[in-house]
Amino acid sequence: MSIARNSLDKWKGAIDNGDTKPLSDMLADNFVFERSQGEQEDKTTVLSWVGEGGFTIGDWVVYHEDDNIICGTHSMTPEEGPILSVMYFAKFEANKCVFWKVHSHLPE
């Protein structure tokens, strides 16, 4: 299975089902999540809001993946509000995700 698809499936499972264990196992202890405007969150904070749900992700597109880097796009559908298009970039070290950056916008 591709590292990108496997990673995105773990995010989706945590968001949709509230089971953050597989995602937590994938994330390094020093994991950093960065939002569009540069705001950063640590692993504990991310697992908290992911486990609460309130949105879903899907429609994966992978533009690049190797053993250390993945990037592409996916949709993000909140319970209320418009569907967003999200570009993601992630860095892995020793099979753990250390950085995940998202940039979201309204699709045209």
Between I57 and I15, is any pair of side-chain heavy atoms under 4.5 Å apart? yes
Smallest heavy-atom separation, E34 atom then Q40 atom, equals OE1-NE2, 2.8 Å
Do C97 and K91 have side chains that get closer than 4.5 Å, going by heavy atoms? no
Tightest non-hydrogen contact, residues A28 and K96, listed as CB-CB, 3.9 Å
Is the shortest heavy-atom distance from the side chain of M87 to the side chain of Y63 under 4.5 Å? yes
If we only count heavy atoms from C-beta on, is the E65 to I69 side-chain gap below 4.5 Å? no
Side-chain touch F92/D67, heavy atoms, less than 4.5 angstrom: no
With distance as the sole test, does S75 use its side chain to make a donor-acceptor pair with the main-chain N or O of G58 at under 3.5 Å? yes
Do E52 and V50 make a side-chain contact, defined as non-hydrogen atoms from C-beta onward lying under 4.5 Å apart? no
Identify whether W49 and V32 are in the same connected component of the hydrophobic contact network (ILVMFWY, side-chain heavy atoms under 4.5 Å). no
Run the numbers on T45 and F33 for side-chain contact (heavy atoms from CB on, under 4.5 Å), then give the verdict. CA-CA 9 Å; T45 303; F33 182 90; over 6 Å; no
Rounded to the nearest 0.5 Å, what separation is found between the NZ atom of K43 and the OG1 atom of T20? 9.5 Å
How long is the straight-line distance from CG of D16 back to CH2 of W11, given to the nearest 0.5 Å? 13.0 Å
Please answer: with hydrophobic residues joined when any side-chain heavy atoms are less than 4.5 Å apart, are V98 and I3 in the same cluster? no
Is the closest side-chain heavy-atom distance between L23 and L47 below 4.5 Å? yes
Give a yes or no on whether K21 atom NZ has more than 12 heavy-atom contacts from other residues, nucleotides or ligands under 6.0 Å away. no
Can the ring centres of Y88 and W60 be said to be less than 6.0 Å apart? no
State the CD-CZ distance between E80 and F55, to the nearest 0.5 angstrom. 14.5 Å
Atom NZ of K101 and atom OG of S36: how far apart are they, to the nearest 0.5 Å? 6.0 Å
Tell me whether D25 at atom CG has more than 12 heavy atoms from other residues, nucleotides or ligands lying less than 6.0 Å away. yes
When clusters are formed by joining ILVMFWY residues with side-chain heavy atoms under 4.5 Å apart, either directly or through shared neighbours, do M76 and V46 land in the same one? yes
Hydrophobic cluster membership, F89 vs L27, 4.5 Å side-chain cutoff: no
Looking at OG of S104 and CG of L84, how far apart are the two atoms once the value is rounded to the nearest 0.5 Å? 5.0 Å
If hydrophobic clusters are built by linking Ile, Leu, Val, Met, Phe, Trp and Tyr wherever their side-chain heavy atoms come under 4.5 Å apart, do F99 and L8 end up in the same one? no
Should H74 and V61 count as side-chain neighbours, where that means a heavy-atom distance under 4.5 Å? no
Would you indicate whether D29, at its atom CG, is surrounded by more than 12 heavy atoms from other residues, nucleotides or ligands within a distance under 6.0 Å? no
From I70 atom CD1 to S7 atom OG, the distance as rounded to the nearest 0.5 Å: 4.0 Å
